[in-house]
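Worksheet: one structure, shown below.
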Amino acid sequence: MNATEPLMRVRGICKQFPGTIALDNVSLDIWPGEIHAICGENGAGKSTLMNILSGALAPDKGEIFFAGKPINFHNPRDAQRYGISIVHQELSLCPHLSVAENIFMGRLPRLFGNRIDYKRMEEETVTVLNRFHTHIDPRKRVMDLNVSQQQLIEIAKALTMNCRILILDEPTSALTESEAQNLFVILEELRKNGIAILYISHRLKEIFQISQRVTVLRDGRYVATRLIKDLTPDDIVTLMVGRELNNIYPDRGFPSSDVLLEVKDLTRAGVYTGISFRLYRGEILGIFGLMGAGRTEMARGLCCIDVVDNGEVFLLGRKLSLSNTRSAIDNGLVYVPEDRKNLGLFLTMSVSANVVAANLRAVSYLGMVVPENEKNYSQEMVRRLSVKYKSLQQPVSSLSGGNQQKVLLAKWLAVKPKVIVLDEPTRGVDVGAKSEIHHILRQMANEGYGIIVISSELPEILGLCNRILVMHEGRLVAELAASDATEEKVMWYASGRAS
Amino acid sequence: MKKLIILLVILTLMFGLIGCGQKTTDTNSKQATPTSNTASSPLIGSKNEKYVMVTFVSGIEYWKGAFKGMEAAAKNLGVSVQYTGANEYDINQEVTVLEQVISQKPDGILVTAINPDAMAVPIKKALDAGIPVVTFDADSPKSGRYSFLATSNYQAGVTAARYLAKLTGGKGEVALITIPGQLNHEERAAGFKETLAKEFPEMKLVSVQDGKSDQVATAQAMGAIMQTFPNLVGVFTTEASTGVGAATAVKEANKVGKVHIVSFDTDKGTLDNIKAGVIDATLAQGTWHMGYWGMMFLYHLKHDLLKPIDGDWKTAKVLPLPPVVDTGVTVVTKENADFYYSK
Amino acid sequence: MNIMEKSETNISSSRKIKFKPFKTLFSIREASLATIILITATAMTFLTPGFMTRSNILTTLIGLSMDGIITVAMTIVLVMGGIDLGVGSVLAFASVLAGVLAIKVGLNIWLAVFITLLASVSAGSLVGYFVTRIGLSPFITTLGMMSIARGLAYVLTKGSPLSLGVISPAFDYIGQGSFLGIPNLILILILLVLIFDFLMRRSAVFRQIYYVGSNEKAARLSGINVDRIKFGVYVLSALLSGLAGILTLARFGVATPTAGVGAELRAIAGAVIGGASLSGGEGTIIGALLGVILVALVNDALILLNVSVYWQSLVTGIVLIAAVTIDMLAHHRRTS
């Protein structure tokens, strides 16, 4: 790095969302001609910070300097004008339009008046694509390209806007090994041309391959920035997780040796392979993994929501036919989705209607819902789960996130399941309700329900569960007892260190 | 006490007499109409009398002519008229509107029937309630209505056939675009078809299409006909919008002058097309007469002025009015088109 | 339920704040509609003498009875999150089919009715199949059915209306007679409204319609057989439309292929005025009926008050937008 001052300086950035502090006093320097990795667990604040840098969000507090001058981005366009471009994990291309039209989105070259200069557009597209040594037809529709090509288009788009800082968010999550290597070649070239690259990833192998420096965030706070050559991967892991567990978790309960659920060799091509494990009565089993590990997909396959290519599931010794959701529910295997708003709750309907949604039979007589029964039933359920509400008739959309989650839980409890798989049950839930939910889950485990919790929060997994399964890129890479597990160990496995 | 009672009785009688005398006085009359008494003409009515015209597809221009006639008669008679009807081409709507009008107890109803059988029931109801009913343009023969005024549709069809024959020299392929299922259109079509068959054997009717009362649908149908029969020389359209649609198609196919059009009724679109030379002629119905004489009939019925026989025609079961009146048809061409524009 | 019977946890005790929801039988939308109708009726009584007469009221109610049945069907479909543009056309088709079977084919009228109902069920099944199995959008599918059914009606009658004459006094009695002084058509409408309103509020199966309309994905995950519900609703909608068609035939004694044109839009308007939402999950039958009554009432008022016919077309639209806007504003205040 031969520049004398950083290209971009960020000082004291704070950002709050209702219920959470996303960033707390974060400062950072970005120099030209470097690949600068940004690391942190889910929820550490990486995406929020990148959104602020690229102009999509405004910070609550703090300053940003570009080439020494203080600046204020009002929208992504402003940032782009300064030369800051971001390529998100979910690509933001228009699939039905051509490559050239996407690259020049919003800045179509004009030919006197309002006519689009297609010729110039295509010529410039070809020029920029040549830098990547690739021959993609500028007139081809983006949806006809594969993911790695689409990603290339996004990067090309950034380059045509005089990019000086390129931010990439988990760029290799959708790429194959060789495609990723292609990307690295391109990034190295860009770096040599003086462009600064912010590379968000949790894949330590990559970070060590391509980057010069790494910044670690944790719980919204800035932890450290180091030169890669001064660190080992284990060091980074330590930086990412080092904290005290100050939440109070319920006790570990009474796990037994009765097998509730046995999963053998569950496989879905390209998504997860050979998942095998057992769930014992009385325990809470945790499944940890970083983004892209395949946990949700595996859980959905397990609970007969999505297709499974191979594998067997035994519930209380009986083999389940993995054919349809209703039969899984009727047999007592239930999946509580992560996206509660879109997949779990009926937002326009009342609290009581939501609670009885999966088990109308319990409150009906001869096919007719008995209002008295429905009222008593849902009242009892919400009382037991300590849901805060004004009226059973109020629409569930007016409850807070934590209470909505409890209503969702209540719905599933209503079917008297044997095994419940909960996907990120406390995401977006405030601390108080979180703790309540943990205690409820422990209670349920103690009473003989099989509880599997998928979580991205290390403290939660370690505090709540008796055993922890770790997944990495579709494989089960570790099975740890709570007593043996530490945050570092779990993260280590989850980052693919074992491979 | 006794004096008071006598005074009250006298006052009551006085008011009673005055009240009876006042029965037919109007309050806001434009004309100086005194109270009715048998010495002056019985054809002087009161503005408190209300006669209602009930139609279907009430918004179209066609009924305007009829209502104008009704208004003219009303003015001469010194009574009030109201115009209403079903918005759409819908039986349920017109029946409902008619029944709602009946509940207002008007003095007479002049109605055109969207469907002869469906409308028979409410018309009968009106008659049973003592309200005189006369139909026009589209009849409900079994309803017991006192009279029906219309242009003889059959004769109109005959006239159309003869005029079209004149235009085409009595030979060639011609088409017919009409509204199947509506009585009046069926009769026009019948008159046309039969006259062609009888009097002009060298003219061939090659296609009959449904205009659906819609310009666009007709234009499409006409276009299709001209494609299928490139030697077409003429078309008869039994309705105004149908004619305008056909005219558009002929213009777009560049066959003005080669394909002759004889249409029906005199709405602005049709008249404009006649002056432009696209439509050769149209048949004007005596719509004004339907309204004018219909109103006259109702007034006479209401005021019981009809005496076809000595004695009561009701008990004698004699018809008080001519049961069907033909209001005639005029051929409108470029020469007299200007007269037919409504002011 | 065995969870937490022995509350040995340290969960904070239930901190729920509960106040008594006002225990009205109807939701707010229905109550306000009923009030508006009463106010309008009262105003009309003073403005025109002809309004509050038995004949006028009965006429207006009979006039809306067919639209009312169709609106019941449309409400259920809307609650499910779907739409059925074919209701008016199926009405015409059924009316014509029954007429043709009775007159041209000479079947016994009741047999004709039965066959017609079967045909309506088939039409609904066809729509249901394409929506659930093939995955076409309900809008497109029912739009197609709209053309097909109407077309079939034209084909069967070759365009001309069919006159039944007096086929069967019993059949005519249903369409034109009264029972205890109330015309049968009104009684049938009331009966259907009561039955379906009850079912929508209380039947477990019909409750699932609300779940599907509110959040189809969540409904699927909750074990509800979404496809079966959708299929069933489209069949029901066609069945009710067919019934309306048969009653139309009974009433007028004439089968016209042009019956029911525009009925689908009137039904949607009535349902939405009554509280249904185009995105599904909301709506009641009673509300929809009130919506239909309100529009019919205003139309009646226009005629009795001798307002120009051109205004009548605007009425439905104005009432619709007014009702929905008022509800949206009230909703906004409540939740903010």
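In what follows, chains carry the letters A, B, and so on, assigned in the order in which the sequence lines appear, proteins first and then strands, with residues in each chain numbered from 1.
- Heavy atoms of C:F206 lying under 4.5 Å from chain A are absent altogether.
- Judged purely by atom type and a 3.5 angstrom limit, C:Y211 uses its side chain to pair as donor or acceptor with the backbone of A:A353.
- Chosen from A:N359, A:V370, A:L343, A:L366, the residue pairing most often with chain C at heavy-atom distances under 4.5 Å is A:L343.
- Environment of CD1 in C:I321: sparse, with no more than 12 heavy atoms of neighbouring residues, nucleotides or ligands closer than 6.0 Å.
- With hydrogens and angles disregarded, no donor-acceptor distance shorter than 3.5 Å links the side chain of C:R202 to the backbone of A:M368.
- Residues C:S222 and A:W412 approach most closely at CA-CH2, 3.6 Å, considering heavy atoms.
- When A:C303, A:S397, A:A358, A:P371 are compared by the number of non-hydrogen pairs under 4.5 Å with chain C, A:P371 comes out ahead.
- A:P337 and C:L221 make their closest contact through CG-CD1, 4.1 Å (heavy atoms, listed as atom of the first residue, atom of the second, distance).
- Within the 4.5 angstrom heavy-atom criterion, no atom of A:V363 approaches chain C.
- Considering only heavy-atom pairs separated by less than 4.5 Å from chain C, the leading option among A:R361, A:E380, A:M349 is A:M349.
- The existence of a salt bridge linking A:E374 and C:R207 is confirmed by a sub-4.0 Å separation between a basic side-chain nitrogen and an acidic carboxylate oxygen.
- Atoms OG1 and CG, from A:T348 and C:N215 in turn, are 8.5 Å apart once rounded to the nearest 0.5 Å.
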